[in-house]
Number of protein chains: 4
Amino acid sequence: MAAQDTKVQTRAKGQATADRVRAAAMKRFAQAGYAAVSMREIASDVGVRPGALYNHFQTKQDILNDLMLGHMAQLLDAWETADFPDHMDALERFVRFHVRYHLERADEVFISYMELRNLEPDNFETIETERRKYEAILTEILEKGAQDGRYTPEHPKVTTRAIIAMLTGIPAWFRESGPLSKSDIEDHYVNLVQNAVLRAPGQSPRETG
Amino acid sequence: MAAQDTKVQTRAKGQATADRVRAAAMKRFAQAGYAAVSMREIASDVGVRPGALYNHFQTKQDILNDLMLGHMAQLLDAWETADFPDHMDALERFVRFHVRYHLERADEVFISYMELRNLEPDNFETIETERRKYEAILTEILEKGAQDGRYTPEHPKVTTRAIIAMLTGIPAWFRESGPLSKSDIEDHYVNLVQNAVLRAPGQSPRETG
Amino acid sequence: MAAQDTKVQTRAKGQATADRVRAAAMKRFAQAGYAAVSMREIASDVGVRPGALYNHFQTKQDILNDLMLGHMAQLLDAWETADFPDHMDALERFVRFHVRYHLERADEVFISYMELRNLEPDNFETIETERRKYEAILTEILEKGAQDGRYTPEHPKVTTRAIIAMLTGIPAWFRESGPLSKSDIEDHYVNLVQNAVLRAPGQSPRETG
Amino acid sequence: MAAQDTKVQTRAKGQATADRVRAAAMKRFAQAGYAAVSMREIASDVGVRPGALYNHFQTKQDILNDLMLGHMAQLLDAWETADFPDHMDALERFVRFHVRYHLERADEVFISYMELRNLEPDNFETIETERRKYEAILTEILEKGAQDGRYTPEHPKVTTRAIIAMLTGIPAWFRESGPLSKSDIEDHYVNLVQNAVLRAPGQSPRETG
DNA sequence: GATGAATGAGTATTCATTCAT
DNA sequence: GATGAATGAATACTCATTCAT
């Protein structure tokens, strides 16, 4: 039993260290960029010698990959389980979700967009697949809206990218101490996005066609 | 006169090398990121030994700074001298200019947004000042439009950033070989942006106030 | 216990390497001068790759500083614990001690005098303090002798430097294979120094004053 | 005549540059040591590009060699032409000459002692020959004095080195602003040296033999 | 005599990683 | 799981020197 306990304890300790490695790497990668961060710095943040990192991650690349995989999984999961008032339409839901999530996880998001090029090809492919899944959510919303005649029908994939780029740029300049609250930001972006894609009245295909 | 010629020739050769350094660094920085590019690689691209780079730039940082300063100066200058049909309104001009310029200079633009954090504080300040000048152009357009009642009046600075983020993201995914031409892209983004900020008819302050 | 042994062994190995670094650096610095010795050379002498040196010393400067601090500490300690016949007077003790010590540790001594200018300011200050302690020993001997009327009373600090310069120059030319033994040298310098500072008979303050 | 004038002027200009190179190198070598001084630094002091130095000296080593050869030649020449009161004995002359010369040319002297090891073998040999000539002057004085019974007869060559080391160490600590003037220093060292080698009365070979 | 560009070798130091313990 | 020592390759940058002009 003592041995069992020890094992459990050890595993728990290892888990805790791995998590601290992730946290330290996340902060450092977000601030300085993957290439500019050394394993020594991460180890020092964690309070451990560099060699010890290799008990938890096989390479530096694996840390990055782990962070990005985790981020995409959590992002998609968070969307699945997000809760909104019934009356809210899908586009508004998506915008509010995205802004909120990205403002709360600025580091993850930043890395996720900046460090794509530092992923080795295999890892990149996997992440890209996940990213496309996420983008597909918005594209689908836009396409459905176009079919309904509510949204303009042109190039929904391009519009997806335009909207996501617009939203994703927020954490780069947003400061809690600024004049606008997170909720102000959400509202403003909902307006911008809705206006951008809404079909103007009198232009509905039914009427013009 | 012969001596004069010699000097001119020598200096011209140096100028040419410096330009090739700029070009090589631009490509490499855009592809791999500043931190991941070595002076050796740049030198090798240029066809020169690493030490020779230091005849033209004092440090690697200076190369980055030179590229970013040059980009901002050219961007602002290009805006000043851009030529558009008289009937085109300012917002459309800006969007078309930005999309066009950024699609033609994808590398410069990419570096300009990605490598800001790798600028040393002094250099960063200078670049930021230039960037704010550029953003101010769009903010002013939005503010004037709001005064005229054509554009929604809320948070023109935030809207500026939203629009610029949206436009600047284009080169990240655009491919010549894709289904849309550069001109298609321009048209689509003009629509998105105009819709995003246009005040809906029947909502004009004159009529409602 | 096995783990304990391992740690002790590992640490002992590191200690041994550090000592070999010190020994190699000492020889090289003494022969070629600090600035002319490369970390590569030291590493090669030690039988290790250059990077491994940095497990033991943070910088090249730290190696120099370590050597000089060690030398001064050992010098002062050796004086404290030196053993001489009871009848021998303090000046003779000092001269014999200094000559002997410096002939046995020619490299340390040489570095200690030659490389002062290569110490960074903070390190220099610390070493200078130690050096002044050592000089103070001789100055005090001269001052006491002057009070007793045995030694000439003029400028004991200058005389200190004169004597130490004279003695310290020995290793620069002394060769074991030369006509004089170390002990001959000692005797000769004791004579020179004693004569230099002895008050001539008939000049004693008692008699003349 | 114009061409002639030009040549003369050019040669004079070159001579002047060479002299400024010597002066700059002297200061730098004295302060930082030969190995730690770069041709770039010297060139910058002179106000010229590094390549230009090679119009005046074939290598960095040649500058050092030139300085040391010049120093030894001037030292020996200065001794030949030095002027002293008739009544002054040879030993006092030598001490006063040496102290004076070394206090006035601290940089030359310092380099001359510190940078011997940085001379390539051939250059070293030449300089050593000159140095031995200079030391021979003092040795001869001591030997003559020993024959006369005025000086102790032991090991005049060792005594030579002791005295020269003692005297040569002065510029290392002497400061104009200190409590002693150059002339005080001279007097004090004359005393020390004379006492060191004077045969005590009642010990003269005539009387004891 | 001087320049600006270039070389080729070298500098101290840092890197991700390995591994015996 | 963690350590301390080590590796082998890389880093930005500097060096003395050359040379066409």
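Below, chains carry the letters A, B, ... as their sequence lines are ordered, and counting in each starts from 1. Treat the numbers as computed from the prediction; the structure is a model and nothing was measured.
- You'll find the side chain of D/N65 stays beyond 4.5 Å of the side chain of D/T59, heavy atoms only.
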Stepwise side-chain contact (heavy atoms from CB on, under 4.5 Å) check, D/L64 with D/E115 | CA-CA 8 Å; D/L64 178 61; D/E115 305 299 353; 3.9 Å; yes
Kindly list each side-chain donor-acceptor pair under 3.5 angstrom involving residues 20-31 of chain B, sequence neighbours excluded, with atom names and distances?
unit_1, atom_1, unit_2, atom_2, d
B/R20, NH2, B/V46, O, 2.6
B/R22, NE, B/D19, OD1, 3.4
B/R22, NH1, B/D66, OD1, 2.9
B/R22, NH1, B/D66, OD2, 3.0
B/R22, NH2, B/D19, OD1, 3.2
B/R28, NE, B/D45, OD2, 2.7
B/R28, NH2, B/D45, OD1, 2.9

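- Within the 3.5 Å criterion, the main-chain N or O of B/E120 finds a donor-acceptor partner in the side chain of B/Q61.
- Using a 4.5 Å cut-off on side-chain heavy atoms (C-beta onward), D/E128 and D/L116 make contact.
- Looking at B/L119 and B/M68, their side chains come closer than 4.5 Å, going by heavy atoms from C-beta outward.
- The salt bridge (Lys or Arg N to Asp or Glu O under 4.0 Å) test applied to A/R40 returns no partner, not counting sequence neighbours.
- DNA chain E lies under 4.0 Å from at least one heavy atom of each of the following residues of residues 53-63 of chain C: C/Y54, C/T59, C/K60.
- Within 4.0 Å of C/G51, counting heavy atoms only, lies at least one base atom of the nucleic acid.
- Not one N or O on the side chain of A/E130 forms a donor-acceptor pair closer than 3.5 Å with the backbone of A/M72.
- Listed by first and then second residue, the salt bridge (charged side-chain N to carboxylate O under 4.0 Å, His left out) pairs that reach into residues 29-38 of chain D come to none, sequence neighbours excluded.
- For the segment residues 23-49 of chain A, the set of residues with a heavy atom within less than 4.0 Å of an atom of DNA chain F comprises A/V48, A/R49, in numerical order.
- Figure legend: B/R131 and B/Y113 shown as a cation-pi pair, the cationic atom lying under 6.0 angstrom from the six-membered ring centre and within 45 degrees of its axis.
- Each of A/A52 and C/T17 was assigned the nucleotide of DNA chain F with the nearest heavy atom; the assignment lying further toward the 5' end belongs to A/A52.
- Remark: DNA chain F forms stems of 3 or more consecutive Watson-Crick or G-U wobble pairs, all pair distances under 3.5 Å, at E:2-21 with F:2-21.
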